[in-house]
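Labels below follow one simple rule: chain letters A, B, ... track the order of the sequence lines, proteins then strands, and each chain is numbered from 1.
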2 protein chains.
Amino acid sequence: MSSVTPTESKTPATRMKSEDRRELILTAATEVFGEFGYVGTTTEKVAQAAGVSQPYVVRMFGTKEKLYLEVIHRALERLLEAFRGALAEESDKPLDHRIGLAYVTLMSDRGLLLVLMHAFVLGSDPVIGEAARCGFLEVYEFLRTEAGFDAGQSRQFLANGMLVNTMIGIRMSDEYSANPIARELLDESFPEKLDLLLELGDDRTTAGHEAAE
Amino acid sequence: MSSVTPTESKTPATRMKSEDRRELILTAATEVFGEFGYVGTTTEKVAQAAGVSQPYVVRMFGTKEKLYLEVIHRALERLLEAFRGALAEESDKPLDHRIGLAYVTLMSDRGLLLVLMHAFVLGSDPVIGEAARCGFLEVYEFLRTEAGFDAGQSRQFLANGMLVNTMIGIRMSDEYSANPIARELLDESFPEKLDLLLELGDDRTTAGHEAAE
DNA sequence: GTCTATACCAAGATAGAC
DNA sequence: GTCTATCTTGGTATAGAC
């Protein structure tokens, strides 16, 4: 099964509080948007992943775009939350190492890192691009101000993050076992937590994409 | 006008050799795909940018997907070509610096870097993802083998590249003049050739994206 | 080699029932 | 709160004329 697993049949979803349902859909949407990108995601896919009907998704968030914005906002919130956690943490490890680890650990929150990455390449979109720039700068500011990194360190940190995102997005881990070159690159790119990446890949397939004939 | 500038009116394009027209369309497609991504690009947009009719684009390349694959392939070719140029170049600068500069210089080839970046996040697509992984690994192999970098240097180089791609994709340069934080990040991210990025941004707009009402 | 016309399908959004 | 049915748009691809 893909990371985007429809919650089974069409039987009406059991009635639940709007807030809970909302959270459920946002989680599902994060995964789906992370896999297919903004344009490549249909509200139908999100609905299936969340186990509700397509119109309900639209109804609840207004438009696909608004849904995406909420997803991005939420992802960013969690990202910074994780960073602040690493900052507060008692440890003898250097700070950049701790925050880096926190970042990589976010891989287990399916789609979270990827959904941001997708937003980052949509800079020319008037509304999504704007949100992406703001979000990115927010992270940069965190590194400079709260974490106390200098400009060079911050840049370096972000560069590593973008590489990590790319390795996840491109699903390089699929090549890990068969391709020694890929393995070397992966080993080099994930100081720790490579296991996390490899596990994640296990139940991913190409489901949801049109099958190549 | 956007980077994707329609070549004026609908008057039948002057008859030209298939090969030349092909190249023309590939150039246009690189720009458009770079801006909107694979799914976000319509064959119609490509056609307009190239100054031909939409069915002609499809006719010439078979499907949108095949066109995209050709675009990626071509972009990768040019990338490696540029790297090999830097490799051969006589200079007292260190090699990594030269190749890095060659990379950043590719920004002026509109869409080239971005079209690759878009492919990198589409890893779960059976055919595009496959091409993306291959391409990425090809670059890595170049660094390790031809350029003679070790694994760490190569990783570092790629990380920097992904940050550069992200800065371009997110159109961070739009913030350069107004936002000091963005300026600092940009100054830090582009050792040289920042001017190139800033120039590029000048004639970009959000044209082509649905206007926010 | 290039276009016009069009078939066909997918997807977002709306209306209204339960 | 959640669904079914449906309208509408827009996008790929095909047919066939010039």
Side-chain angles (χ1 to χ4, degrees), chain A residues 4 6-26 28-29 32-33 36-71 125 127-128 208-213, chain B residues 4 6-26 28-29 32-33 36-69 125 127-128 208-213:
Chain A
V4 180
T7 313
E8 298 305 312
S9 68
K10 302 290 164 190
T11 40
T14 52
R15 213 180 171 84
M16 76 192 281
K17 269 195 318 201
S18 178
E19 269 314 294
D20 296 345
R21 185 66 76 193
R22 199 180 181 79
E23 190 57 28
L24 205 68
I25 295 179
L26 282 172
V32 184
F33 278 125
F36 303 98
Y38 174 60
V39 197
T41 292
T42 66
T43 52
E44 174 67 37
K45 279 182 194 156
V46 172
Q48 286 183 345
V52 297
S53 70
Q54 178 267 329
Y56 186 60
V57 172
V58 176
R59 180 67 88 84
M60 178 162 265
F61 294 90
T63 65
K64 174 177 156 181
E65 188 178 69
K66 282 180 188 159
L67 170 59
Y68 192 61
L69 290 175
E70 283 216 41
V71 165
D125 182 288
V127 13
I128 295 174
H209 289 276
E210 343 70 35
E213 323 188 1
Chain B
V4 180
T7 312
E8 299 303 314
S9 67
K10 302 290 163 189
T11 40
T14 53
R15 213 180 171 85
M16 75 191 284
K17 269 194 317 198
S18 179
E19 269 316 293
D20 296 346
R21 185 67 75 192
R22 198 179 182 79
E23 191 56 29
L24 205 68
I25 296 179
L26 282 172
V32 184
F33 278 124
F36 302 97
Y38 174 61
V39 197
T41 293
T42 66
T43 53
E44 174 67 36
K45 279 182 194 156
V46 172
Q48 285 184 345
V52 296
S53 69
Q54 179 269 327
Y56 186 62
V57 171
V58 175
R59 180 67 88 84
M60 177 162 267
F61 294 91
T63 64
K64 175 177 155 180
E65 188 179 68
K66 283 181 190 159
L67 169 59
Y68 192 60
L69 290 175
D125 182 287
V127 12
I128 295 173
H209 290 276
E210 344 69 36
E213 322 193 1

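- One interatomic measurement links the two molecules: OH of Y68(A) to C1' of dG12(C), which rounds to 17 Å at whole-angstrom precision.
- The shortest side-chain heavy-atom distance between T42(A) and F36(A) does not fall under the 4.5 Å cut-off.
- Every residue two or more places apart in sequence or in another chain was checked for a salt bridge (charged side-chain N to carboxylate O under 4.0 Å, His left out) with R59(A), and none qualifies.
- Separation of atoms CG (L67(A)) and CZ (R22(A)) is listed at 9.0 Å; rounding is to 0.5 Å.
- In terms of heavy-atom proximity, G51(B) sits nearest to A13(B) at O-CB, 3.8 Å.
- The residue M60(A) sits apart from the nucleic acid: no heavy atom pair falls under 4.0 Å.
- Here the P atom of nucleotide dG1(C) and the CZ atom of R15(B) are 7 Å apart, to the nearest Å.
- Summarising the geometry, the separation between CZ on F36(B) and P on dG11(D) is reported as 11 Å, rounded to the nearest angstrom.
- The nearest whole Å value for the distance from the CZ atom in F61(B) to the P atom in dG1(C) is 12 Å.
- Ring-plane geometry between Y38(B) and Y68(B) is classed as tilted, the angle between the planes lying from 30 to 60 degrees on a 0 to 90 degree scale.
- Annotation: side chain of I25(A) is in contact with side chain of Y56(A) (closest heavy-atom distance under 4.5 Å).
- The distance between atom NZ of K45(A) and atom C1' of dG12(C), rounded to the nearest whole Å, is 14 Å.
- Look at CZ on R21(A): it is 8 Å from C1' on dG1(D), rounded to the nearest Å.
- With rounding to whole Å, L24(A) atom CG is found 14 Å from dG1(D) atom P.
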So which protein N/O to nucleotides 12-14 of chain D N/O distances come out below 3.5 Å?
from    : atom 1 : to     : atom 2 : distance (Å)
dT12(D) : OP1    : T41(B) : O      : 3.4
dT12(D) : OP1    : K64(B) : NZ     : 3.2
dT12(D) : OP2    : T43(B) : N      : 2.9
dT12(D) : OP2    : T43(B) : OG1    : 2.8
dA13(D) : OP2    : K64(B) : N      : 3.0
dA13(D) : N7     : Q54(B) : NE2    : 3.0
dA13(D) : N6     : Q54(B) : OE1    : 3.1

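- S18(B) comes within 4.0 angstrom of the backbone, heavy atoms only, and of no base.
- The distance between atom OH of Y38(A) and atom C1' of dA11(C), rounded to the nearest whole Å, is 12 Å.
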